[in-house]
Novice: 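Got a structure here, written out as structure tokens. Questions coming.
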Amino acid sequence: MATETDDRVYYVISDLHIGGDEQLEDVEFLDELLEFLERLEETDENAELIINGDAFGLWEFTTVEGIEKFEVLERTYPTLFEQFRATGENVPITLLPGNHDHELAAYDEYVERFAEYNVELVQDRWISREIGDQAIHFEHGHQHDANNRIEDWGNPHATPLGYYYNTLVTSRAGQLSDRGRYNWMKDVQAVTPTERMPVWLLSKYFYREMNPLLRYSMFPFLLLFNISVILAVLAGLDLAGIWSMPVDRTEAFLGQFGAAGTAAWFFLALNVTVGGLLTLVGIPLYFIRRDIRKTVDRFGVFETELTVDPQQPYESAAREIFSEQPGTTIFCYGHTHRPGVREVDGGLLVNTGTWLKRLHRRDGIIGLLPPVFYPSYQLPAVRISADSEGVAVEYERMAKPSPASEELTRTERFFTVGREPEPDLPDRHVVEPPREKQVAEATD
């Protein structure tokens with residue numbers, strides 16, 4: 001006989017990061033989120049919406065404390081909260097705390113205030129849901145990240161390393177973003193992994209903030225750097241009297257073009273000089289940097305990295321859950337912003353991704369130009385439902401065009417022509433019932 005959970009459908013989203021200081025309050029996917037919630041408001045499915053952590057950026061509020069942050073959210077996004085209320089009348093909405101909104105687990109007032117909008121805030125680390133004979137484990141995932149783990153769960157004053165990064169870096173970026181030539185610093189939350197931050201800042205400075213005359217005057221040297229290094233070596237061989245043929249032939253060839261050839265020769269010589277100097281300086285700096293890194297590693301100054309491994313800790317956690325709870329076959333989490341599905345010990349590890357902008361690094365093909373960070377949206381919702389062979393896990397993508405045409409300069413778009421990212425979401429997976437259950441049914 002079919003149980004009540006056989007026809008249950010779970011929709012799971014996470015890492016919305018709604019709210020924060022100044023420019024961080026801009027939610028670029030708000031229309032798509034409202035459309036998604038409106039769809040659930042009208043659905044006939046026996047559905048539940050689970051918001052699996054980091055729905056809100058409470059760490060990014062630095063001017064208000066405690067329950068006051070809810071009042072700011074309520075005042076800033078009235079349409080969203082009213083849509084929560086309307087959707088929650090048709091399908092249950094369950095909200096789990098993440099690391100950015102861990103304060104949701106610290107104040108009971110949040111439970112009462114969200115309940116007014118038909119959102120059930122569960123202040124636990126994780127929850128479990130069933131579909132037929134299988135169970136799904138939901139948690140945000142930050143408890144497996146040493147930099148964001150909350151040791152004293154529910155303590156409003158918990159401050160892991162990630163807290164300081166977001167209050168000092170992310171929130172500050174939100175306060176300063178509109179001072180730039182383009183409002184780009186608010187995208188700081190989309191920079192993952194975090195060690196890419198210096199490179200991203202260099203890239204945006206070069207393509208967005210640098211004086212255009214200075215930038216375009218540097219282009220020839222940066223574009224032709226690789227060639228200049230080769231030419232510098234050839235010029236050195238000529239000066240040493242070892243091999244003069246390349247220089248003689250180049251000089252003879254350019255001499256055919258008169259003043260234009262002379263100008264080209266002068267530019268080439270200048271480029272070679274710059275490239276040679278940079279190479280001479282760069283070689284000893286490389287070895288010094290390498291030696292410093294070895295010394296730092298030997299003394300163990302940095303015992304942990306800022307960025308957690310996006311796979312290994314969660315695979316280990318899933319194996320533990322699947323072992324301790326044989327009926328649990330799906331481990332669903334977020335936190336890393338990387339949507340993905342991975343089979344682990346007969347179960348499925350599912351990451352729900354993020355609704356924030358994704359930034360795809362595209363390194364220069366030649367020269368020393370800074371990489372371009374190409375923006376796109378995925379806006380994934382994971383749908384988990386019963387299937388004739390078990391439990392089906394599939395991703396739905398809310399349509400939203402790439403903002404590249406508005407956010408990238410002409411130069412950035414030129415250097416990424418033909419290399420635009422095409423991010424895909426995982427294919428549909430079906431998780432079969434636990435092996436013990438299949439054996440028992442076959443015996444019966």
Novice: Does Leu161 offer a backbone N or O that forms a donor-acceptor pair with the side chain of Asn147 under 3.5 Å?
Specialist: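 Absent.
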Novice: Main chain of Gly340, side chain of Asn351: is a donor-acceptor contact present, judged purely on distance under 3.5 Å?
Specialist: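 No.
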Novice: Measure centre to centre between the rings of Tyr374 and His360, then say whether the value is under 6.0 Å.
Specialist: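 No.
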Novice: More than 12 non-hydrogen atoms from neighbouring residues, nucleotides or ligands closer than 6.0 Å to CD on Glu35, yes or no?
Specialist: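 12 or below, so no.
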Novice: Could you verify whether a donor N or O on one side chain and an acceptor N or O on the other, from Thr159 and Tyr164, lie under 3.5 Å apart?
Specialist: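 Thr159 vs Tyr164: donor-acceptor pair found between side chains.
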Novice: May I ask you to check whether over 12 heavy atoms, not counting those of Tyr163, lie within 6.0 Å of atom OH?
Specialist: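 Counting other residues, nucleotides and ligands, OH of Tyr163 stays at 12 neighbours or fewer.
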Novice: Are Glu109 and Ile67 packed together at the side-chain level, in the sense that at least one heavy-atom pair is separated by less than 4.5 angstrom?
Specialist: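 Touching, per the 4.5 Å side-chain cut-off.
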Novice: If we ignore angles and hydrogens, is there a donor and acceptor under 3.5 Å between the side chains of Glu320 and Ser323?
Specialist: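 Absent: no donor and acceptor within the cut-off.
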Novice: Under 3.5 Å, is there a donor-acceptor pair linking the side chains of Asn46 and Asp7?
Specialist: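 Yes.
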Novice: Does the Arg419 side chain pair with the main chain of Phe415, one donor and one acceptor, at a distance under 3.5 Å?
Specialist: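 Yes, the answer is positive, given that a donor and an acceptor are paired below the 3.5 Å cut-off.
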Novice: Consider only side-chain N and O atoms of Tyr377 and Glu28, and report whether a donor and an acceptor are under 3.5 Å apart.
Specialist: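 Indeed, the side chains of Tyr377 and Glu28 share at least one donor-acceptor pair under 3.5 Å.
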Novice: Surrounding CD of Glu420 (heavy atoms of other residues, nucleotides or ligands, distance under 6.0 Å), is the total greater than 12?
Specialist: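 Counting other residues, nucleotides and ligands, CD of Glu420 exceeds 12 neighbours.
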Novice: Less than 4.0 Å between a side-chain N and a carboxylate O, is that true for Glu209 and Arg179?
Specialist: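 No, no charged N to carboxylate O under 4.0 Å.
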Novice: Side-chain donor-acceptor pair under 3.5 Å between His335 and Asp54, yes or no?
Specialist: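 Result is no, nothing qualifies.
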Novice: Under 3.5 Å, is there a donor-acceptor pair between the Tyr11 and Glu45 side chains?
Specialist: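 Side-chain D/A pair, Tyr11 to Glu45: present.
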Novice: Indicate whether the side chain of His140 and that of Ser14 have a donor and an acceptor atom separated by less than 3.5 Å.
Specialist: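 Side chains of His140 and Ser14: no pair found under 3.5 Å.
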Novice: Will you find, in the side chains of Gln123 and Trp153, an N or O donor that is under 3.5 Å from an N or O acceptor?
Specialist: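 Gln123 vs Trp153: no donor-acceptor pair found between side chains.
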Novice: What I want to check is whether the side chains of His144 and Glu139 have a donor and an acceptor closer together than 3.5 Å.
Specialist: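 The criterion, which ignores hydrogens and geometry beyond distance, is satisfied for Glu139 and His144.
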Novice: Taking the side chain as everything from C-beta on, heavy atoms only, tell me whether Leu95 gets closer than 4.5 Å to Glu120.
Specialist: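 The answer is no; the side chains never approach within 4.5 Å.
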Novice: Are a donor atom and an acceptor atom from the side chains of Glu48 and Thr94 found within less than 3.5 Å of each other?
Specialist: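 Per modelled atom types, Glu48 and Thr94 side chains form a pair under 3.5 Å.
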Novice: In sequence, state the C-alpha distance, the side-chain angles, and the governing distance for Glu41 and Asn90, and then conclude on side chain to side chain donor-acceptor pair (under 3.5 Å).
Specialist: CA-CA 6 Å; Glu41 178 188 358; Asn90 186 48; over 6 Å; no
Novice: Checking the side chain of Arg342 only, and the main-chain atoms of Leu348 only, is there a donor and an acceptor separated by less than 3.5 Å?
Specialist: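 No; judged by distance alone, with no hydrogens or angles, the pair does not exist.
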Novice: Checking Arg172 against Thr170: is there a side-chain donor and acceptor pair closer than 3.5 Å?
Specialist: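 Looking only at side-chain atoms, Arg172 and Thr170 do not form any donor-acceptor pair under 3.5 Å.
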Novice: Do you see a donor-acceptor pair shorter than 3.5 Å between the side chains of Gln378 and Arg397?
Specialist: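 No - no donor-acceptor pair under 3.5 Å links their side chains.
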Novice: Establish, from distance only, whether the side-chain atoms of Glu82 and Tyr117 form a donor-acceptor pair under 3.5 Å.
Specialist: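 Short answer, no.
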Novice: With distance as the sole test, does Tyr207 use its side chain to make a donor-acceptor pair with the main-chain N or O of Arg410 at under 3.5 Å?
Specialist: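 It does not hold such a pair.
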Novice: Is there a ring-ring contact (aromatic ring centres under 6.0 Å, His included) between Phe331 and Phe322? Walk through the geometry before answering.
Specialist: CA-CA 8 Å; Phe331 185 105; Phe322 296 158; 7.1 Å; no
Novice: Under a plain distance cut-off of 3.5 Å, with no hydrogens placed, do Ser316 and Gln312 share a side-chain donor-acceptor pair?
Specialist: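 A pair is found: one side chain offers a donor N or O, the other an acceptor, under 3.5 Å apart.
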Novice: Hey, are the side chains of Val27 and Phe29 touching, using non-hydrogen atoms and a 4.5 Å cut-off?
Specialist: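 Yes, side chains in contact.
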Novice: Give a yes or no on whether the backbone of Asp21 and the side-chain of Ser171 come within a donor-acceptor separation of less than 3.5 Å.
Specialist: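 It does not hold such a pair.
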Novice: Do Phe36 and Leu49 have side chains that get closer than 4.5 Å, going by heavy atoms?
Specialist: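 Yes, at least one pair of side-chain atoms sits under 4.5 Å.
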Novice: Between Thr329 and Gln134, do the side chains contain an N or O donor and an N or O acceptor separated by less than 3.5 Å?
Specialist: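 The answer is yes; a qualifying pair exists.
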Novice: Short question: side chain of Thr76, backbone of Leu73 - any donor-acceptor pair under 3.5 Å?
Specialist: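 Looks like no, no N/O pair under 3.5 Å.
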Novice: For Phe70, run the ring pair (Phe, Tyr, Trp, His ring centres under 6.0 Å) check against Tyr107, Phe61, Phe81 and tell me which one passes.
Specialist: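 So, applying the ring pair (Phe, Tyr, Trp, His ring centres under 6.0 Å) to Phe70 and each of Tyr107, Phe61, Phe81, only Phe81 qualifies.
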Novice: Tell me whether Trp355 contacts the main-chain N or O of Pro380 through its side chain, where contact means a donor paired with an acceptor under 3.5 Å.
Specialist: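 Checking the backbone N and O of Pro380 against the side chain of Trp355, a donor-acceptor pair under 3.5 Å is found.
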Novice: Could you check whether any side-chain N or O of Tyr182 sits under 3.5 Å from a backbone N or O of Glu407, counting only pairs where one atom can act as donor and the other as acceptor?
Specialist: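 Side chain of Tyr182 to backbone of Glu407, a donor-acceptor pair under 3.5 Å: no, none is there.
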Novice: Please state whether the rings of His17 and His100 are parallel, tilted or perpendicular, taking 30° and 60° as the class boundaries.
Specialist: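 The arrangement is perpendicular - the two ring planes meet at more than 60°.
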Novice: Test your reading of the model: is there a side-chain donor-acceptor pair from Asn52 to the backbone of Ile13, 3.5 Å cut-off?
Specialist: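 Side chain of Asn52 to backbone of Ile13: no pair is present.
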